[in-house]
Amino acid sequence: MTLGPNPSTAPAPSRHNASFPPSNQAPMANARAAVEPESKSLFDESPEDGDAVKENEFKEGGYGWVVVFGVWLVNMHTWGLISSYAIFLAYYLRSGSIIGASPLFFAFIGGLSTSMALLVSPLATYSIKTLGTRITLFIGAVFEAGSFIGASFSTHAWQLLLSQGVCFGLGMGFCFTATVGIVPQWFTKRRSFANALATGGSGFGGLTYALGANAMITNLGLEWAFRILAITCFTVNGCVSLIIKDRNKAVGAKHIAFHKDLFFQPEYWLFVGWGFFGIIGYIIVVFSIADFALQAGFTSNQASLASAMFNLSQALGRPAIGLLSDRLGKMNVAGIGTLIASVVAFFLWIFAGKYFAGLIIYALFGAVAGIIWPCVGPVGAEVVGIQLLPAALSLYWIGLVFPATFAEVIGLSLKREMVGAGVYLNVQVFTGFMFFASFLSMWLLRSWKLRQMEYLGLYEKGQEAAIHNVAVIHPSEESKHEVVSTRRQQNIVVSYITNMFVMKRL
């Protein structure tokens with residue numbers, strides 16, 4: 001008998017149950033709740049109006065490709081702009097144009113804008129629930145443009161803090177939160193590819209504005225560089241707010257700012273751990289690569305080019321990551337990509353980065369350094385389900401506030417007092433370890449997913465369906481009791497460690 005949620009609205013059926021109660025009845029009750037659409041729980045909500053039910057039966061893609069393009073533009077003019085902060089940071093560090101600011105203060109500004117974007121996510125989530133996606137996105141566009149206008153008149157440290165730090169972070173947070181969960185609503189089989197394609201906009205934005213910001217600062221001055229950015233981002237994000245369209249009602253999305261039940265899901269904390277350590281490494285690299293190039297003796301144009309290549313790698317690499325995720329498994333790609341980021345930080349950046357050609361090669365691995373962005377949505381849907389994804393991401397971003405705020409501050413504080421590329425040695429080693437810790441978190445999460453699928457008795461056909469978020473084969477009572485008996489005899493810790501070495505598409 002075939003059971004399971006509608007394929008357009010639900011991911012893998014076993015998305016909530018990480019802990020398995022010792023009683024005879026509770027485990028199977030949890031299993032049935034995870035796969036039966038009739039079950040009413042905190043994690044399942046069906047559309048109540050006929051229009052929403054009709055909309056639920058949509059063809060994959062369609063207007064979704066317009067949404068992908070819109071989100072691509074938003075990412076280009078939010079995260080793409082923050083990626084170009086490496087150029088502004090390098091300018092601030094060598095110009096001394098801001099009164100009362102130290103190098104650590106400028107590093108803090110970059111981290112603050114990112115953390116404010118994450119910190120405001122519960123408020124933006126509430127805004128989506130009450131005002132809608134389009135208005136929330138437009139509010140973000142206003143804040144973002146206002147921040148650049150304010151920064152263009154800033155001459156003191158506190159002025160830059162409020163404008164380029166707080167105000168830009170608020171604007172980026174509203175734009176990002178309004179769009180981050182929309183693309184997965186329009187796709188099932190090609191969800192990872194579509195989501196990665198949309199996130200690739202940040203790479204093109206970083207590429208465009210890394211080169212553009214350096215040229216504008218050189219030829220027009222810092223003030224007019226900010227004003228041009230203000231006009232550009234307001235125009236683009238404002239236009240996208242007119243064409244963007246969500247399917248929140250169709251999928252029964254839960255826009256809850258604080259969903260306390262998630263705190264009791266161990267797998268959710270592994271998901272957060274993957275992002276916590278990964279974003280530390282990512283922010284250090286994206287903000288430091290231009291200054292590292294200058295410290296290594298390269299020119300400002302070469303530093304700008306290295307930063308641009310890093311962003312180009314993300315622009316081209318993220319769609320490729322999405323395609324690989326659909327073919328090889330979302331968690332597999334997220335974990336292996338993070339491991340590659342750790343390896344290249346330890347070897348390429350340290351040993352080859354002192355040469356310009358080596359630094360460019362390292363920059364071309366930027367896609368794996370920022371793998372959290374194309375993978376967070378699809379992996380999150382595997383962990384908590386598509387309905388609960390907005391609420392889960394709202395808390396997820398809160399968990400990343402601390403590392404996003406202080407990552408670059410930690411990075412600059414680890415710089416050694418010397419001349420040349422060796423000044424960044426401690427930073428490079430620290431970054432490599434952060435990516436490795438991120439990999440361990442994801443691989444443990446993958447191990448949890450494998451154990452959960454085994455626990456529910458999802459064998460080959462059922463596992464394939466679960467990976468594709470389609471209807472699954474419900475196991476027979478005999479197989480369920482056999483699986484439960486087997487899992488009770490096996491130590492949980494041993495099971496998790498063993499599953500870390502199981503090669504399966506997941």
> Phe106: what forms a ring-ring contact (aromatic ring centres under 6.0 Å, His included) with it, not counting sequence neighbours?
Replying inline: Tyr92
> Looking at Trp65 versus Phe187, is the centre-to-centre ring distance below 6.0 Å?
Replying inline: yes
> Do any N or O atoms from the side chain of Lys245 and from the backbone of Val66 form a donor-acceptor pair under 3.5 angstrom?
Replying inline: no
> For Asp246 and Thr133, does a side-chain donor sit closer than 3.5 Å to a side-chain acceptor?
Replying inline: yes
> Just by distance, with hydrogens left out, do Asp291 and Tyr424 show a side-chain donor and acceptor under 3.5 Å apart?
Replying inline: yes
>> Just by distance, no angles: are the side chains of Gln185 and Asn248 close enough, under 3.5 Å, to form a donor-acceptor pair?
In response: yes
> Roughly how far apart are Thr431 OG1 and Ile283 CD1, rounded to 0.5 Å?
Replying inline: 11.5 Å
> Does the Arg318 side chain pair with the main chain of Leu197, one donor and one acceptor, at a distance under 3.5 Å?
Replying inline: no
> Looking at residues at least two apart in the chain, or sitting in another chain, which of them share a ring-ring contact (aromatic ring centres under 6.0 Å, His included) with Trp79?
Replying inline: Phe176, Trp373
>> So Ile139 and Leu131, do their side chains get closer than 4.5 Å, heavy atoms only?
In response: yes
>> Nearest 0.5 Å, please: how far is OG in Ser307 from CD in Gln302?
In response: 13.5 Å
> Which pair of non-hydrogen atoms, one from Ser121 and one from Ser394, has the smallest distance, and what is that distance?
Replying inline: OG-O, 3.2 Å
> Tell me the ring pair (Phe, Tyr, Trp, His ring centres under 6.0 Å) pairs involving residues 295-317, sequence neighbours left out?
Replying inline: Phe298-Phe356
> Backbone N or O of Tyr396 within a donor-acceptor pair of the Tyr268 side chain at under 3.5 Å?
Replying inline: yes
> By ring-ring contact (aromatic ring centres under 6.0 Å, His included), which residues pair with Phe406, not counting sequence neighbours?
Replying inline: Phe402
> Got a sec, which residues hit side-chain hydrogen bond (donor to acceptor under 3.5 Å, both in side chains) with Tyr91, two or more places apart in sequence or on another chain?
Replying inline: none
> When rounded to the nearest 0.5 angstrom, what distance separates CG in Leu170 from CD in Glu144?
Replying inline: 11.0 Å
> Which is it for Thr155 and Ile98 under the side chain to side chain contact (heavy atoms under 4.5 Å, CB included) test, yes or no, and what are the steps along the way?
Replying inline: CA-CA 5 Å; Thr155 57; Ile98 303 297; 5.8 Å; no
>> In this structure, is the centre-to-centre distance between the rings of Phe435 and Phe277 below 6.0 Å?
In response: no
>> With heavy-atom distances below 4.5 Å as the criterion, would you say the side chains of Cys233 and Leu81 are in contact?
In response: yes
> Are Leu123 and Phe174 close enough, and set up right, to give a side chain to side chain contact (heavy atoms under 4.5 Å, CB included), and what steps lead you there?
Replying inline: CA-CA 8 Å; Leu123 179 59; Phe174 271 85; 4.0 Å; yes
> Around atom CZ of Phe69, are there more than 12 heavy atoms of other residues, nucleotides or ligands at under 6.0 Å?
Replying inline: no
> Looking only at heavy atoms, which two atoms of Ala198 and Val68 are closest? And how far apart?
Replying inline: CB-O, 3.9 Å
> Listed by chain and number, what are the side-chain contact (heavy atoms from CB on, under 4.5 Å) partners of Val429, not counting sequence neighbours?
Replying inline: Phe346, Ile350, Leu425, Phe433
> Is there a side chain to side chain donor-acceptor pair (under 3.5 Å) between Gln314 and Tyr282 once you walk through the steps?
Replying inline: CA-CA 12 Å; Gln314 295 185 77; Tyr282 171 74; 3.3 Å; yes
> Can you tell if the side chain of Trp72 reaches within under 4.5 Å of the side chain of Phe204, non-hydrogen atoms only?
Replying inline: yes
>> Nearest 0.5 Å, please: how far is CE in Met434 from OG in Ser342?
In response: 10.0 Å
>> Given the ring of Tyr63, does Arg247 sit roughly above its face, with NZ or CZ under 6.0 Å from the centre of the six-membered ring and within 45° of the axis?
In response: no
> Under 3.5 Å, side chain of Asn311 to main-chain N/O of Gly205, donor-acceptor pair present?
Replying inline: no
>> For Gln295 and Lys415: C-alpha separation, side-chain torsions, deciding distance, then whether side chain to side chain contact (heavy atoms under 4.5 Å, CB included) applies.
In response: CA-CA 11 Å; Gln295 294 288 344; Lys415 289 172 61 177; 3.7 Å; yes
> So, do Trp274 and Leu440 sit near enough that their side-chain heavy atoms are less than 4.5 Å apart?
Replying inline: no
> Is the Phe436 ring parallel, tilted or perpendicular to the Phe439 ring (thresholds 30°, 60°)?
Replying inline: tilted
>> Closer than 3.5 angstrom, by distance alone: can the side chain of Gln159 be matched with the main-chain N or O of His156 as a donor-acceptor pair?
In response: yes
> Is the shortest heavy-atom distance from the side chain of Phe138 to the side chain of Phe234 under 4.5 Å?
Replying inline: yes
> Under the 3.5 angstrom rule, does the side chain of Ser304 hit a backbone N or O of Asn301 as a donor-acceptor pair?
Replying inline: no
> Can any side-chain N or O of Ser313 pair as donor or acceptor with the backbone N or O of Ala367 at less than 3.5 Å?
Replying inline: yes
> Thr179 side chain to Cys175 main-chain N or O, any donor-acceptor pair under 3.5 Å?
Replying inline: yes
> Hey, does Phe88 have a side-chain heavy atom less than 4.5 Å from the side chain of Phe226?
Replying inline: yes
> Should Leu162 and Cys167 count as side-chain neighbours, where that means a heavy-atom distance under 4.5 Å?
Replying inline: no
>> How long is the straight-line distance from CD1 of Ile244 back to SG of Cys239, given to the nearest 0.5 Å?
In response: 12.5 Å
>> More than 12 heavy atoms of other residues, nucleotides or ligands under 6.0 Å from CZ of Arg416: yes or no?
In response: yes
>> Is any side-chain heavy atom of Met331 closer than 4.5 Å to one of Leu445?
In response: yes
> Do the ring planes of Trp349 and Phe292 sit parallel (below 30°), tilted (30 to 60°) or perpendicular (above 60°)?
Replying inline: perpendicular
>> Assess, by modelled atom type and distance only, whether the side chains of Asn332 and Arg446 contain a donor and an acceptor separated by less than 3.5 Å.
In response: yes
> Between Thr177 (side chain) and Gly173 (backbone), is there a donor-acceptor pair under 3.5 Å?
Replying inline: yes
> Where is the tightest heavy-atom contact between Gly337 and Val368, given as atom of each residue plus distance?
Replying inline: O-CB, 3.4 Å
>> Regarding Tyr85 and Glu408, do their side chains bring together a donor and an acceptor under 3.5 Å, going by distance alone?
In response: no
>> If we count only N and O atoms by modelled type, under 3.5 Å, do the side chains of Gln164 and Ser154 hold a donor and an acceptor together?
In response: no
> Ile321 and Leu324: side chain to side chain contact (heavy atoms under 4.5 Å, CB included), yes or no, with the steps?
Replying inline: CA-CA 5 Å; Ile321 288 172; Leu324 289 174; 5.6 Å; no
> Side chains of Ser152 and Arg227: is there a donor and an acceptor less than 3.5 Å apart?
Replying inline: yes
>> So, taking the atom named CG in Leu137 and the one named CD1 in Ile243, what distance separates them when rounded to the nearest 0.5 Å?
In response: 10.0 Å
